[in-house]
Protein chains: 2
Amino acid sequence: MPTIRRKSASPARGKAAPDAPREGSSTCPSAARAPLRDSPWRASRERLRDRQIKREAVIRAAAHAFNRKGYHNTSLDDIAAALEVSKPTVYYYVSNKEQLLFECFVAGIEPIRAAFHEARLMKAPARERLKAVLRHYGQAVASEFGWCMVRAEDQDLSPAMSGHIKALKSEIDQGVRRLLREGMQDGSIHACDPKMTAFALAGALNWIAHWYRESQSLSGAQIAEAFISVFESGLTPRPCTESAGPPRHVSARLAR
Amino acid sequence: MPTIRRKSASPARGKAAPDAPREGSSTCPSAARAPLRDSPWRASRERLRDRQIKREAVIRAAAHAFNRKGYHNTSLDDIAAALEVSKPTVYYYVSNKEQLLFECFVAGIEPIRAAFHEARLMKAPARERLKAVLRHYGQAVASEFGWCMVRAEDQDLSPAMSGHIKALKSEIDQGVRRLLREGMQDGSIHACDPKMTAFALAGALNWIAHWYRESQSLSGAQIAEAFISVFESGLTPRPCTESAGPPRHVSARLAR
DNA sequence: CATGCATCATACTCGTGGGTAACCATCCTA
DNA sequence: TAGGATGGTTACCCACGAGTATGATGCATG
């Protein structure tokens, strides 16, 4: 009964650099570049653009599937089926499942980075800038990529990817802390421990990804607004301020 | 990530029992029942208790592994190896992997339910009762079962288990909302949307499980305290401070 | 001693799913 | 019009891990 488990020396993994289709990734530079009506390379460029579109469709399909069934419960066959193509086609656009998750993560977190950038240009007390960021943050978490952004576990990723993701997350975290500190300095934010406060804010918003479904009656923006009003005023009633604010969260204009 | 098939690394694996982390765990049904010191069934009862202890050790080991590597990245072989037994031994104490997760979940959520029970006996404004609950909540999330409690995805579980878990989670959620409403009535809590506020509170606390590791300098209780103070007073400075206490956690550290 | 139960190990089965090899179709370019 | 890039398919490989069949061991009992 020779049923010894095959322990073939080193299976497969010999192929260094499987990095298949060299993808620029995350850049769509030559979009509205120049007309060049009938250059002989026009077709080539169009193909390239097509490819990018398809690639993004793959990413979105993956995000959708992860969103519904979780990373581990989603097979690449599922994703392929959702796109009505075969599995190798998916592999034609993305090198492996891990990268798929990573791309979803980046797609989710990018708007938040943009929000920080935008806030940096605002001329307003730090609390207002923080609020602006949190608004975008909440919407990002409620977006189709929210799940991937929030639930991408480092445990599921190679050390390299995990490192990238940690760095991006840390950037966001540090940005929130910085705004908190600035707010404490310009007097627009109550004295607090920036680290813990940032954790609390981010946690509450991140958690949206666990319960929010597109079908919900509230939009991501509305939820973000509601959360912000909670954070802003806190649970304790304010004795000598206008407490006449409407109780519902829909009162975006609660700003004092 | 090939799991090395370790063999023979455990010499004379006869007895010695696993770590056996003691800990009666609050469930000693027939403890103070009757003396019967030398009943012929005494041995039998002792075996039963031993079994219970071992079973709990399995659960703890599972929680530990899930905590570190995630549910899907933990094989039952891993858990067995951590206990220095074989896989069928694990199956001897628990029927399948799903149940293992479920048990961890219950172990994590039980203290929170207890906290609600306790709070119900308190004679204090609702805000104080809520704070008491949140304190326990935060500690539970930071506990060894926190991961399982918070990250047990319904996607990973059969509909039946998923239903149980959802029910338990909903119970907690409703409890928080109720306290919020009570607080709004007795005037100890600022007017707010109880649903959204409960989501924000639970989210912030749940998220602790994502970043907290036992090794951290802060204990679960300290973190819970810090969060509570954030929620309590909010970000906006209070003009006529009725002092919600000094700024907690003086670890200001403006470095970086 | 024999019987039965409790406990645990060895050694398997088997479905699933990530990833690949090989091959095919079409269009662009030389 | 050949030859290659591009985009896609079918059919496979195979590691992994959940779960199990079978049986060994030890201990209490009758």
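So you know, we letter chains A, B, ... as the sequences are listed, proteins then strands, and number each from 1.
Side chains of A:Tyr92 and A:Arg55: no donor on one and acceptor on the other come within 3.5 Å.
Between the P atom of C:dT16 and the CG atom of A:Asn73 lies a distance of 13 Å, rounded to the nearest Å. Put simply, CG on A:Leu100 is 10 Å from P on C:dG18, counting in whole angstrom units. The distance from atom NZ of B:Lys97 to atom P of D:dT20 is 15 Å, rounded to the nearest whole Å. The distance from atom NZ of A:Lys54 to atom P of D:dT6 is 13 Å, rounded to the nearest whole Å. Straight-line distance from the NE2 atom of B:His72 to the C1' atom of D:dC16: 15 Å, rounded to whole Å. Rounded to whole Å, the distance from CG on B:Asp50 to P on D:dA28 is 12 Å. For A:Glu98 and C:dG17, the CD to P distance is 19 Å, given to the nearest whole Å.
For A:Tyr92 and D:dG8, the shortest distance from a side-chain N or O to OP1 or OP2 is not below 4.0 Å. The phosphate of C:dA6 (OP1 or OP2) has no side-chain N or O of B:Arg51 nearer than 4.0 angstrom. Regarding contacts with the backbone of D:dG7, every side-chain N or O of A:Tyr93 stays at 4.0 angstrom or more from both OP1 and OP2.
For the pair A:Glu98 (side chain) and A:Ser158 (backbone), a donor-acceptor distance under 3.5 Å is present.
Residues A:Lys169 and A:Met149 form no side-chain contact, since every pair of their non-hydrogen atoms from C-beta on lies 4.5 Å or further apart. Side-chain contact between B:Asn73 and B:Asp78: absent, with no pair of heavy atoms (C-beta onward) separated by less than 4.5 Å.
Within residues 74-90 of chain A, the residues approached by DNA chain D to less than 4.0 Å at the level of any non-hydrogen atom are A:Val85, A:Ser86, A:Pro88, A:Thr89, in residue-number order.
Note that A:Arg60 lies outside the cation-pi zone of A:Phe145, set by a 6.0 Å cut-off to the ring centre and a 45° limit from the axis.
One finds no salt bridge joining A:Asp50 and A:Lys54 here, because no Lys/Arg side-chain nitrogen approaches an Asp/Glu carboxylate oxygen to under 4.0 Å.
Between A:Phe199 and B:Trp207, the ring center distance fails the sub-6.0 Å criterion.
Distances from the side chain of B:Tyr91 to the nucleotides D:dA18, D:dG8, C:dC8 place D:dA18 closest.
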